[in-house]
There are 2 protein chains.
Amino acid sequence: MAIDPSYKTRKVITIGIVSELTGLSERQIRYYEERKLIFPERTEGGNRKYSFADVEQLIEIANKREEGIQTYEIRQEMLKAKEKRKEEDRKVRNQMLRGQINARFGIQKE
Amino acid sequence: MAIDPSYKTRKVITIGIVSELTGLSERQIRYYEERKLIFPERTEGGNRKYSFADVEQLIEIANKREEGIQTYEIRQEMLKAKEKRKEEDRKVRNQMLRGQINARFGIQKE
DNA sequence: CGTGTAAGGAATTCTGACACG
DNA sequence: CGTGTAAGGAATTCTGACACG
């Protein structure tokens with residue numbers, strides 16, 4: 001969740017390729033960045049770099065746009081989903097912590 | 001083995017990024033292609049596109065070059081390894097075929 | 001053999017703006 | 001709001017060649 005240089009999340013694809021992969025115009029892709037729906041990295045020279053995860057994200061955005069959903073709403077949904085993931089993460093951490101405690105001090109029934 | 005548009009094998013990375021990822025110069029990367037050690041695709045405009053698998057391949061090549069192995073030898077090793085994979089594949093297919101036959105006509109012991 | 005480099009040109013990408021709506 | 005486009009410039013990539021070794 002912090003150090004993940006995997007194939008899916010490494011930002012290595014230039015905008016032209018992303019355009020081909022998604023069917024979106026470069027204009028659209030840049031605009032969705034402006035609306036904070038996507039967050040490419042940059043090369044030294046300033047060119048955008050995307051990951052496969054970004055490509056998938058863009059395809060989802062394209063689908064929602066086709067349904068007439070506005071970028072602002074899409075952003076709200078994304079933020080909501082992010083909160084949800086955080087909540088899930090918190091629960092898992094608690095579970096694990098509980099597990100650690102039980103392992104050390106024995107299992108208290110009830 | 002034929003239709004695999006996965007993150008690992010999709011050719012989507014330009015040579016500049018590959019250079020950063022591998023630590024090799026663009027000159028070296030192009031030369032290894034000339035020596036048939038790597039096979040990028042091309043954009044419409046003629047620019048090279050590599051996959052993550054290519055990047056890994058290049059790193060292996062770089063390691064072997066550091067050991068002083070010549071590109072010709074590296075190519076020979078690659079071809080040998082490829083033959084080996086084909087052989088393995090052939091065996092697996094035979095196993096599966098045998099399985100099919102047994103499933104239909106019963107298992108002949110000995 | 002393997003790699004660096006300068007050369008000239010072409011493909012790619014960038015930003016800010018105008019347009020339409 | 002979301003997208004197209006022309007504009008000018010900068011970053012990226014391409015090929016073929018010369019150099020060294």
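Keep in mind that what you see is a predicted model, and the values were worked out from it rather than measured. In the text below, chain A, chain B and the rest are named by the order of the sequence lines, each starting its count at 1.
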Pairwise distance CD1(A:I74) to CG(A:L79) - rounded to 0.5 angstrom: 12.0 Å
Classify B:E44 by what it touches in the nucleic acid, base, sugar-phosphate, or nothing, heavy-atom distance under 4.0 Å. nothing
Rounded to whole Å, please give me the gap between CD in B:E41 and C1' in D:dC14. 18 Å
For C:dG2, does OP1 or OP2 lie under 4.0 Å from any side-chain N or O of B:R30? no
Is it the case that one hydrophobic cluster holds both A:I59 and A:V18, taking links as side-chain heavy atoms less than 4.5 Å apart, direct or via other members? yes
Write out the stems for DNA chain C, ordered by first number and formatted as range with range, counting runs of at least 3 consecutive Watson-Crick or G-U wobble pairs under 3.5 Å. C:2-5 with D:17-20, C:17-20 with D:2-5
Taking 4.0 angstrom as the limit, do B:K64 and B:E73 come out as a salt bridge? no
Using whole Å, what does the distance between atom C1' of nucleotide C:dG2 and atom CG of B:L37 come to? 12 Å
Of all the choices, D:dT15, C:dT3, C:dC14, which nucleotide is nearest to the side chain of A:I15 once you look at every atom? C:dC14
Closest nucleotide of DNA chain C for A:T14 versus for B:R27: which of these residues is on the 5' side? B:R27
Between C1' of C:dG4 and CD1 of B:I29, the distance in whole Å: 14 Å
Could you check how far CD of A:E26 sits from P of D:dG4, rounded to whole Å? 11 Å
For atom CZ of B:R75 and atom C1' of C:dG2, their distance in whole Å: 17 Å
As a test of reading the structure: which of D:dT15, D:dG2, C:dT15 is closest to the side chain of B:R48, going by heavy atoms? D:dT15
Rounded distance in Å - CD (B:E33) to C1' (D:dT13): 13 Å
Test your reading of the model: is there a side-chain donor-acceptor pair from B:N94 to the backbone of B:K91, 3.5 Å cut-off? no
With a 4.0 Å cut-off, would you call B:D89 and B:R85 a salt bridge? no
Same apolar cluster: A:I69 and A:Y72, side chain cutoff 4.5 Å: no
A:K64 NZ to D:dG2 P, in whole Å, measures 14 Å
Nearest to the side chain of B:Q28, which nucleotide is it out of D:dT13, D:dG2, C:dG4? C:dG4
A:R42 has its side chain closest, among C:dT15, D:dT13, C:dG2, to C:dT15
Would you say a side-chain N or O of B:Y31 is under 4.0 Å from OP1 or OP2 of C:dG4? no
Closest-nucleotide 5' rank along DNA chain D - winner of A:R35 and A:T43: A:R35
Could you tell me if B:Y50 and B:Q57 have a donor-acceptor pair between their side chains, going purely by distance under 3.5 Å? no
Take A:N47 and A:S25, find for each the nucleotide of DNA chain D with the closest heavy atom, and name the residue whose nucleotide sits nearer the 5' end. A:S25
Check the pair A:R48 / A:R30 against side chain to side chain contact (heavy atoms under 4.5 Å, CB included), numbers first and verdict last. CA-CA 9 Å; A:R48 292 173 177 78; A:R30 295 197 190 98; 3.5 Å; yes
Between P of D:dG2 and OH of A:Y32, the distance in whole Å: 8 Å
